[in-house]
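Input: one structure, supplied below.
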Amino acid sequence: MLGATLALAACITPAAHAQGDYPSKPIRLIVPFANAGVTDTSARIVAEKLGQQLGQQIVVDNKPGAGGNIGTQMVAKAEPDGYTLLLGYDGTLVINPNVYAKVPFDPVKDFVPIGKIGDAVLLIAANPKLGIKTVADLQHYAKTVAGGMSYGSAGNGSTTHLAGEMFHQRTGIPMTHVPYKGGGQALLDVVGGTLPVTFAAVTGAMPFVKSGQVDAVVVTSRQRAPSLPNVPTLIETGMKDFEINSWVGLMAPAGTPKPIVDKLSVALQKVLNDPAMRERLASLGIVATPGTPDAYGREIVRDLAKNKTIVKAANIKLD
């Protein structure tokens, strides 16, 4: 009996010991996009503070390509030991599986959530000469345009595209999508008057809002954006449960031991509850949303289903 007990202890002790010592070496955080963007910048500032909490460096490794699918697949196939993590992004995890015929990973089965970092709030920006101050104004204007009102987005299959389609489907307003290669040019065309409105990230639109070059009509988040406290949400205008944001979070490969996930989650929540970190993220247009792995997982499942409905109705395909 004693021999069997010692044999069992010999089998389980190394793994338990490894988890107890975690992390004992640097951690790699895969960002499935090129460096210098908002997703990359948010990853780097969180990685620095998270590494300090854990006592090990977190190295950001950019692996761009295929709309984020390449880097995301790398983490899906990585050893589930807590030393390879993913910067989860709504575009790769809850949009790509709905707009590509096939993606090389399952956003639910191949990953375990650690926690969401935050939401990048979206808004509807309008050319100020049109007098579109409210959703009712937008509806009235759209009815005056033959063939439907044009709206811009950051590109086919982007979060801003889906926000526009969701708005169209919920309101019945006749609208024509105009995709751009990024939200910046769409905003410039709204300023110039060649495009009446665009769905855009608040952070990108703020300089134009502050200068009076565009009107911020409404935001698509559940709560008002801290940087635009006077701009209502679509929920406030009567559209029940209308919420669509771009977001970032941390994920690990499926099979990562729960004690490791829990340790990462607790450390991440401490980082995100730091007022200085919340302020740094806010400067990027990201509202920090510390929460549990389970809460983040439920949001991923919810957003997958919501986006599937939007994409199917709009027949959005990227291949």
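Please read these numbers as outputs of a predicted model, since none were measured by experiment.
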**Q.** Spatial distance of atom CZ (F199) from atom OG1 (T160) [nearest 0.5 Å]
**A.**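 Taking CZ in F199 and OG1 in T160, the distance rounds to 9.0 Å.
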Q: For V99 and K317, run side chain to side chain contact (heavy atoms under 4.5 Å, CB included): C-alpha distance rounded to whole Å, both residues' side-chain angles, the deciding distance at 0.1 Å, then the answer.
A: CA-CA 5 Å; V99 297; K317 296 178 182 179; over 6 Å; no
(Q) Using a 3.5 Å distance criterion without hydrogens, assess whether the side chain of K306 forms a donor-acceptor pair with backbone atoms of E243. (A)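 Checked: pair present.
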Q. Name the one of D119, D303, D90, T159 that satisfies side-chain hydrogen bond (donor to acceptor under 3.5 Å, both in side chains) with W247?
A.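 That would be D303.
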Q.
Under 4.5 Å between side-chain heavy atoms, counting indirect links through other Ile/Leu/Val/Met/Phe/Trp/Tyr residues: same cluster for L138 and V219 or not?
A.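 Different clusters: L138 never reaches V219 through Ile, Leu, Val, Met, Phe, Trp or Tyr contacts under 4.5 Å.
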Q) Shortest non-hydrogen contact from G157 to I95? A) O-CG2, 3.1 Å
Q: Mind listing the closest non-hydrogen atom pair of A163 and L122 along with its distance?
A: CB-CD1, 4.0 Å
Q | Under 3.5 Å: donor-acceptor pair, side chain of E236, backbone of T233 | A | yes
Q) Does any pair with a residue in residues 99-110 pass side chain to side chain donor-acceptor pair (under 3.5 Å), and if so which ones, sequence neighbours excluded? A)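 Side chain to side chain donor-acceptor pair (under 3.5 Å) check on residues 99-110 returns no pairs.
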Q. Once you round to the nearest 0.5 Å, how far does CD1 of I27 lie from OG1 of T84?
A. 9.5 Å
Q | 4.5 Å side-chain heavy-atom contact, V108 and V301 | A |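 Heavy-atom side-chain distance check passes, below 4.5 Å.
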Q) Side-chain heavy atoms under 4.5 angstrom apart, residues restricted to Ile, Leu, Val, Met, Phe, Trp, Tyr: same cluster for V135 and I244? A)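 Cluster IDs for V135 and I244 match.
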Would you give me the side-chain donor-acceptor pairs under 3.5 Å for residues 141-156, sequence neighbours excluded?
from, atom 1, to, atom 2, distance (Å)
T144, OG1, Y141, O, 2.5
Y151, OH, E165, OE2, 2.9
S153, OG, G155, N, 3.1
S153, OG, G155, O, 3.3
S153, OG, H177, NE2, 2.6

Q) Hey, does I286 have a side-chain heavy atom less than 4.5 Å from the side chain of V38? A) yes
What side-chain donor-acceptor pairs closer than 3.5 Å can you find for residues 50-59, not counting sequence neighbours?
from, atom 1, to, atom 2, distance (Å)
Q56, NE2, S24, O, 3.4

Q. Could you state the interatomic distance from CG (D189) to OG1 (T194), rounded to the nearest 0.5 Å?
A. 3.5 Å
Q) With a 4.5 Å limit on heavy-atom distance, are the side chains of M251 and I300 in contact? A)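 Yes, side chains in contact.
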Q) Just by distance, do the side chain of S246 and the backbone of A120 share a donor-acceptor pair under 3.5 Å? A)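 Side chain of S246 to backbone of A120: no pair is present.
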Can you list, pair by pair, the side-chain donor-acceptor contacts under 3.5 Å of residues 61-69, counting residues two or more places apart and other chains?
from, atom 1, to, atom 2, distance (Å)
D61, OD2, R28, NH1, 3.0
N62, OD1, R44, NH2, 2.8
N62, ND2, F33, O, 3.0
N62, ND2, D40, OD1, 2.8
N69, OD1, N96, ND2, 2.8
N69, ND2, A66, O, 3.2

Q: Dump the intermediate steps for side chain to side chain contact (heavy atoms under 4.5 Å, CB included) on T72 and V103, then the final yes or no.
A: CA-CA 10 Å; T72 303; V103 293; over 6 Å; no
(Q) side chain to side chain contact (heavy atoms under 4.5 Å, CB included), that's the test. Do D241 and I235 meet it? Break it down for me. (A) CA-CA 6 Å; D241 296 328; I235 293 173; 5.5 Å; no
Q. Do K116 and P290 have side chains that get closer than 4.5 Å, going by heavy atoms?
A.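 The answer is no, as the side chains (C-beta and beyond) never meet within the 4.5 Å cut-off.
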**Q.** Joint cluster assignment, V191 & V209, ILVMFWY side-chain distance < 4.5 Å
**A.**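 Yes, it is one cluster - the side chains of V191 and V209 are joined through contacts under 4.5 Å.
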Q) Is there side-chain contact between I316 and H161, with at least one heavy-atom pair below 4.5 Å? A)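 Yes, close enough: below the 4.5 Å cut-off.
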Q.
Let me confirm one number: the CG-NZ distance from L234 to K240, rounded to the nearest 0.5 Å.
A. 15.5 Å
Q: For G131 and D137, work out which heavy atoms get closest and say how close.
A: O-OD2, 3.4 Å
Q. Are a donor atom and an acceptor atom from the side chains of D81 and Y22 found within less than 3.5 Å of each other?
A. no
Q. Taking only residues at least two apart or on different chains, which pairs with a member in residues 270-292 satisfy side chain to side chain donor-acceptor pair (under 3.5 Å)?
A.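 Listed once each, the pairs would be none.
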Q) In terms of hydrophobic clusters joined by side-chain contacts under 4.5 Å, are L284 and L268 together? A) yes
Q. Rounded to the nearest 0.5 Å, how far does CZ of F208 lie from CG of L187?
A.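 Atom-to-atom, L187:CG and F208:CZ are 5.5 Å apart.
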**Q.** The single option from I114, T256, I30 passing side-chain contact (heavy atoms from CB on, under 4.5 Å) against L85
**A.** I114
(Q) Please check: side-chain N/O of T171 versus main-chain N/O of F167, any donor-acceptor pairing under 3.5 Å? (A)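 Yes.
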Q. Is there a side-chain contact between P232 and R224 (heavy atoms, below 4.5 Å)?
A. yes
Q: Evaluate the salt bridge (Lys or Arg N to Asp or Glu O under 4.0 Å) criterion for residues D262 and K258: first the C-alpha distance (whole Å), next the side-chain angles of each, then the deciding distance (0.1 Å), finally the verdict.
A: CA-CA 6 Å; D262 289 345; K258 189 175 185 300; 2.7 Å; yes
Q) Mind checking whether I117 and L272 have side chains closer than 4.5 Å, heavy atoms only? A)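 Touching, per the 4.5 Å side-chain cut-off.
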Q | Where A126 and I132 come nearest, the two heavy atoms and their spacing | A | CB-CB, 4.0 Å
Q) Which side chain to side chain donor-acceptor pair (under 3.5 Å) pairs, counting each pair once, include a residue from residues 198-213, with sequence neighbours left out? A)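 Of all non-adjacent pairs touching residues 198-213, those that pass side chain to side chain donor-acceptor pair (under 3.5 Å) are S211-Q213.
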Q | Side-chain touch P253/F111, heavy atoms, less than 4.5 angstrom | A | no
Q.
Is there a path of hydrophobic side-chain contacts, each under 4.5 Å between heavy atoms, that joins I124 and V231?
A.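 In one cluster: no.
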Q | Over all atoms of both residues, closest heavy-atom pair of V121 and A225 | A | CG1-CB, 4.1 Å
Q. Looking only at heavy atoms, which two atoms of G212 and P128 are closest? And how far apart?
A.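 Looking at all heavy atoms of both residues, the shortest contact is O-CG, 3.6 Å.
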**Q.** Gap separating the CG atom of L162 from the CD1 atom of I310, nearest 0.5 angstrom
**A.**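 Result: 5.0 Å between the selected atoms.
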Q | Residue pair M206, V202: steps toward the side chain to side chain contact (heavy atoms under 4.5 Å, CB included) verdict | A | CA-CA 6 Å; M206 278 304 294; V202 165; 3.8 Å; yes
